[in-house]
Amino acid sequence: MITKHISITALAIVGLLFAGTSCKRSHDSTGLEFAPNMYDAVGYEPYRQIRPNTINVRENGLNMRLPARGTVSRPNYHTTFDGDSASTDLMIYNIPADSISIAERTLINPIPQTEKSLADGQLMYTRYCSHCHGATGKGDGPVGKEYKGVPNYSTDAYKTMNDGHIFHVITHGKGRMWPHGSQITPEDRWKIVQYVHKLQQG
């Protein structure tokens, strides 16, 4: 019985201690942190740490390095067309891979067609496309013969594929065709589009 009274008394004292300390706490206090790693990442954040970074000290406290001088940022990609000296921003392509119908409705080739742009398109087509699609777009390239089912640009619905469709497929791929957006610049993709239109004419 005495033990029971001692236990109750001890619990009451502990409760009063907690109540006393909680009353003194400011309303701005968040209390104890039970999982500090959720608030202060162990790995470096790209910009700034909550606690100062004492190992990888950079100007202004940034962890990220600045790009090397002379590098070209893809979002600021510019091109200048021969002949009219007009400079045009080529769009950052953010139409999702599964939204080819949007590309078909909205995209128009921004590069004026000239003899040089067609020649460049032929060069890029030969370099990146002919091994599957063939030199004349008949789907008879050496890899295409193994793949089977590579389309002939001058037949059926392939003959009417528009700018947006072709650009989207070059960028994201389609079916067994792999995406080429990381390998071919937007400007060269649009030049390939021009050359594919030529092949569609048979």
Asker: Looking at CD1 of I170 and CD of Q183, how far apart are the two atoms once the value is rounded to the nearest 0.5 Å?
Answerer: 11.5 Å
Asker: Which heavy atom of W190 sits nearest to which heavy atom of N109, and what is that distance?
Answerer: O-ND2, 3.0 Å
Asker: Could you grab the distance from atom NZ of K191 to atom CD of Q122, nearest 0.5 Å is fine?
Answerer: 13.5 Å
Asker: Parallel, tilted or perpendicular, judged at 30° and 60°: which one describes the rings of Y125 and H133?
Answerer: tilted
Asker: Looking at every heavy atom in both R176 and W178, which two are closest together, and how far apart are they?
Answerer: O-CD1, 3.3 Å
Asker: Can you tell me how far the NE2 atom of H172 sits from the OG atom of S99, to the nearest 0.5 Å?
Answerer: 8.5 Å
Asker: Could you check whether any side-chain heavy atom of H180 comes within less than 4.5 Å of a side-chain heavy atom of T171, counting everything from C-beta outward?
Answerer: no
Asker: Mind listing the closest non-hydrogen atom pair of V193 and F167 along with its distance?
Answerer: CG2-N, 3.8 Å
Asker: Verify, without hydrogens or angle tests, whether T185 (side chain) and D188 (backbone) share a donor-acceptor contact under 3.5 angstrom.
Answerer: yes
Asker: Would I95 and T106 satisfy side-chain contact (heavy atoms from CB on, under 4.5 Å), going step by step from the backbone distance to the final call?
Answerer: CA-CA 10 Å; I95 296 177; T106 59; 4.0 Å; yes
Asker: Are any side-chain N or O atoms of R189 and backbone N or O atoms of I184, one a donor and one an acceptor, separated by less than 3.5 Å?
Answerer: yes
Asker: Verify the cluster assignment for Y128 and Y195: are they in a single hydrophobic cluster under the rule of side-chain heavy atoms below 4.5 Å apart?
Answerer: yes
Asker: Within a strict 4.5 Å, meaning less than it, do heavy atoms of the N152 and Y158 side chains meet?
Answerer: no
Asker: Using a distance-only test with no angle check, is there a side-chain donor-acceptor pair under 3.5 angstrom linking H197 and D163?
Answerer: yes
Asker: Hey, what do you get for NE2 (H165) to OG (S101), rounding to the nearest 0.5 Å?
Answerer: 11.0 Å
Asker: What about I192 and L199, same hydrophobic cluster or not, with Ile/Leu/Val/Met/Phe/Trp/Tyr joined at side-chain heavy-atom distances under 4.5 Å?
Answerer: yes
Asker: Going hydrophobic residue to hydrophobic residue with side-chain gaps under 4.5 angstrom, can you get from Y153 over to V169?
Answerer: no
Asker: Apply the side-chain contact (heavy atoms from CB on, under 4.5 Å) test between I166 and each candidate in E104, Q194, Q200; give the one that qualifies.
Answerer: Q200
Asker: With a 3.5 Å cut-off and sequence neighbours excluded, list the donor-acceptor pairs that the side chains of residues 135-151 form with protein atoms.
Answerer:
residue	atom	partner	partner atom	Å
K138	NZ	S154	OG	3.1
K148	NZ	K145	O	2.9

